[in-house]
Number of protein chains: 2
Amino acid sequence: MLENNELIQLAIVDDHPVVIEGLQRLLGSKDYLNVAGTFTSGADFLVFMKDNRTDIVLLDISLPDTNGMELCKEIKKRSPGTCVLVLSNHSERSIIMQMLQNGASGYLLKNASADELLNCIHEALAGQITFSNEIKQIIARPSAHELKEVPQLTRREKEILHLISDGMTTPQIAGKLNLSQLTIETHRRNLLQKFDVNNVAALIKVAVQQNLI
Amino acid sequence: MLENNELIQLAIVDDHPVVIEGLQRLLGSKDYLNVAGTFTSGADFLVFMKDNRTDIVLLDISLPDTNGMELCKEIKKRSPGTCVLVLSNHSERSIIMQMLQNGASGYLLKNASADELLNCIHEALAGQITFSNEIKQIIARPSAHELKEVPQLTRREKEILHLISDGMTTPQIAGKLNLSQLTIETHRRNLLQKFDVNNVAALIKVAVQQNLI
DNA sequence: TTTGCACTACCAGTTTCCCGGTATTTTTCC
DNA sequence: GGAAAAATACCGGGAAACTGGTAGTGCAAA
């Protein structure tokens with residue numbers, strides 16, 4: 001917890017110097033925070049962290065020397081109290097969610113406004129999970145972001161999709177619904193076709209990612 | 001878009017009268033919105049909507065006559081301009097995400113504070129996707145909410161999990177990684193054991209839901 | 001240096017899934 | 001009431017997945 005009137009120590013990790021400079025100009029003018037350091041590599045930041053309290057780090061994912069996902073994990077491991085706010089051009093739902101799972105407190109795309117960035121910084125420091133509006137949109141409706149159409153499923157298809165995702169086999173589903181195994185097979189086939197995938201692993205992945213399950 | 005000084009028309013749909021009453025007390029005192037109607041059934045609300053502009057509806061999921069998921073879809077179908085803000089005791093990630101996919105603009109649990117509710121109402125009306133803090137927490141880190149431990153995966157296991165979720169078969173993965181099919185089979189076996197599931201469908205569902213993919 | 005973990009590989013048998021479609025009945029909606 | 005959509009069922013063959021384990025090598029950490 002920050003003491004009253006103590007400056008927020010903020011670090012920036014991004015492989016593009018112009019991004020760092022822009023962020024410095026924006027954030028450097030705020031009298032409640034101190035841009036304690038800026039880095040173009042993950043390794044340099046990890047060294048910095050050893051001797052410098054960092055309340056929050058604005059972290060890009062694409063770095064020359066490290067995988068941002070692993071770096072995020074490593075930051076949280078070494079300094080659990082440091083908030084990681086991802087600032088990235090990667091807008092894939094999968095990357096967003098994995099970064100959150102690896103300990104990031106928040107995620108914004110680089111096109112977020114200055115106000116949004118500042119707001120997210122404050123929310124993260126307040127202990128909240130924080131997303132920019134565009135990230136919330138991606139999380140809520142990934143298909144809209146990917147310009148894909150979510151397949152329209154019939155009542156029975158939805159039911160069977162859920163049962164498949166619970167790990168039930170075709171014989172088990174047939175038993176539960178009192179239908180022929182061949183009927184279940186046809187529904188599975190139809191599901192694979194509607195989602196344009198070849199097997200159940202890809203089907204379930206897309207269905208969960210598109211918030212159908 | 002609301003005209004300046006025009007009251008926000010808000011409806012409440014919940015099967016518990018005490019919840020409705022509490023919300024009315026809270027919201028009824030706000031001079032910028034009008035509690036246009038309260039309903040304990042989905043059907044009644046749909047009838048109401050026909051003749052009454054509703055800018056935002058606070059919607060429970062468990063209703064006596066309808067499935068809240070389908071009701072949400074139906075509301076958005078009949079009146080796309082109406083914001084649906086889910087107010088529910090259901091905290092399962094799966095339900096949250098399905099409601100969002102069905103068109104809800106936001107989601108809060110019933111234990112959210114008055115301030116959070118009001119804030120979410122404003123964000124939803126501003127065209128944003130909005131979550132209470134607890135919902136963001138659940139979305140970001142479902143395992144923490146479910147008091148489950150996310151399995152620790154080795155580097156190879158992660159790689160193979162991703163490839164499986166992309167729909168690749170064991171022979172295909174073996175070819176891609178230059179490993180024996182039997183090696184891939186062992187990794188798959190280990191993944192199933194770590195996640196305590198019986199097949200790949202359940203494996204991928206849990207992995208995506210826990211934000212590992 | 002030793003121990004433990006990760007990774008690789010083995011393999012036969014059984015079960016399940018996917019593929020190539022086609023066809024009939026029931027339900028829903030206009 | 002009719003058309004269209006949804007649901008049900010068919011079925012053999014081949015491929016893939018799952019199951020029951022066991023075992024050896026290399027690397028990392030203590």
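In what follows, every chain begins at residue 1, and chains take the letters A, B, ... in the order their sequences are listed. Everything numeric in this text was worked out from a predicted model, so none of it was measured.
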*Asks:* What integer distance in Å separates L177(B):CG from dT8(C):C1'?
*Replies:*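 These atoms are roughly 12 Å apart.
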*Asks:* Using whole Å, report how far CZ of R188(A) lies from P of dT8(D).
*Replies:*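 Atom CZ in R188(A) sits about 16 Å away from atom P in dT8(D).
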*Asks:* Figure out the CD/C1' separation between Q181(A) and dT15(C), and round it to whole Å.
*Replies:*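 Whole-Å distance recorded here is 11 Å.
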*Asks:* Ignoring hydrogens and angles, write down the donor-acceptor pairs under 3.5 Å from the side chains of residues 34-43 of chain A, residues two or more places apart or on other chains.
*Replies:*
{"residue": "N34(A)", "atom": "ND2", "partner": "Q9(A)", "partner atom": "OE1", "Å": "2.8"}
{"residue": "S41(A)", "atom": "OG", "partner": "D44(A)", "partner atom": "N", "Å": "3.1"}
{"residue": "S41(A)", "atom": "OG", "partner": "D44(A)", "partner atom": "OD2", "Å": "3.0"}

*Asks:* Between dA17(D) atom P and L191(B) atom CG, what is the distance in whole Å?
*Replies:*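 After rounding, the gap between these two atoms is 13 Å.
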*Asks:* So Y107(B) and H90(B), ring-ring contact (aromatic ring centres under 6.0 Å, His included) or not? Walk me through it.
*Replies:* CA-CA 10 Å; Y107(B) 203 113; H90(B) 286 280; 8.6 Å; no
*Asks:* For I173(B) and dA16(D), what is the distance between atoms CD1 and P respectively, to the nearest whole Å?
*Replies:*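 These atoms are roughly 12 Å apart.
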*Asks:* I'd like to check the side chain to side chain donor-acceptor pair (under 3.5 Å) partners of K110(A); sequence neighbours left out, ordered by chain and number.
*Replies:*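 For K110(A) the side chain to side chain donor-acceptor pair (under 3.5 Å) partners, ignoring immediate neighbours, are D14(A), D60(A).
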*Asks:* Heavy atoms from C-beta onward define the side chain here; which of dC18(C), dT19(D), dC17(C) lies closest to that of L192(B)?
*Replies:*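 The nucleotide sitting nearest to the side chain is dT19(D).
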*Asks:* For Q172(B) and dA16(D), give me the distance from atom CD to atom P, rounded to whole Å.
*Replies:*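 Nearest whole value for this atom pair: 8 Å.
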*Asks:* Could you give the distance from CG (D55(B)) to CG (L33(B)), rounded to the nearest 0.5 Å?
*Replies:*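 Atom-to-atom, D55(B):CG and L33(B):CG are 9.5 Å apart.
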*Asks:* Do you know which two heavy atoms are closest between H162(B) and L212(B), and how far apart they sit?
*Replies:*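 That would be NE2-O, 3.6 Å.
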*Asks:* Between T170(A) and R189(A), which has a closest nucleotide on DNA chain C that is more 5'?
*Replies:*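 So the residue in question is T170(A).
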*Asks:* Is T82(A) reaching over with its side chain to a backbone N or O of T54(A), donor-acceptor style, under 3.5 angstrom?
*Replies:*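 Between the backbone of T54(A) and the side chain of T82(A) there is a qualifying donor-acceptor contact (under 3.5 Å).
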*Asks:* Find which nucleotide of DNA chain C each of N198(A) and T186(A) is nearest to by heavy atoms, and output the residue with the more 5' nucleotide.
*Replies:*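 Final value for this comparison: N198(A).
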*Asks:* For nucleotides 3-7 of chain C, which of its nitrogen or oxygen atoms have a protein nitrogen or oxygen under 3.5 Å away, and what is each distance?
*Replies:*
{"residue": "dC7(C)", "atom": "OP1", "partner": "R156(B)", "partner atom": "N", "Å": "3.3"}
{"residue": "dC7(C)", "atom": "OP2", "partner": "T154(B)", "partner atom": "OG1", "Å": "2.2"}

*Asks:* How long is the line joining CD1 of I184(A) and C1' of dC10(D), in whole Å?
*Replies:*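 Nearest whole value for this atom pair: 14 Å.
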*Asks:* Does the side chain of I56(B) come within less than 4.5 Å of I121(B)'s, by heavy atoms?
*Replies:*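 Answer yes - side chains close enough.
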*Asks:* Rounded to the nearest Å, what distance is computed from the CD atom of residue E185(B) to the C1' atom of nucleotide dT16(C)?
*Replies:*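 In whole Å, dT16(C) C1' lies 13 Å from E185(B) CD.
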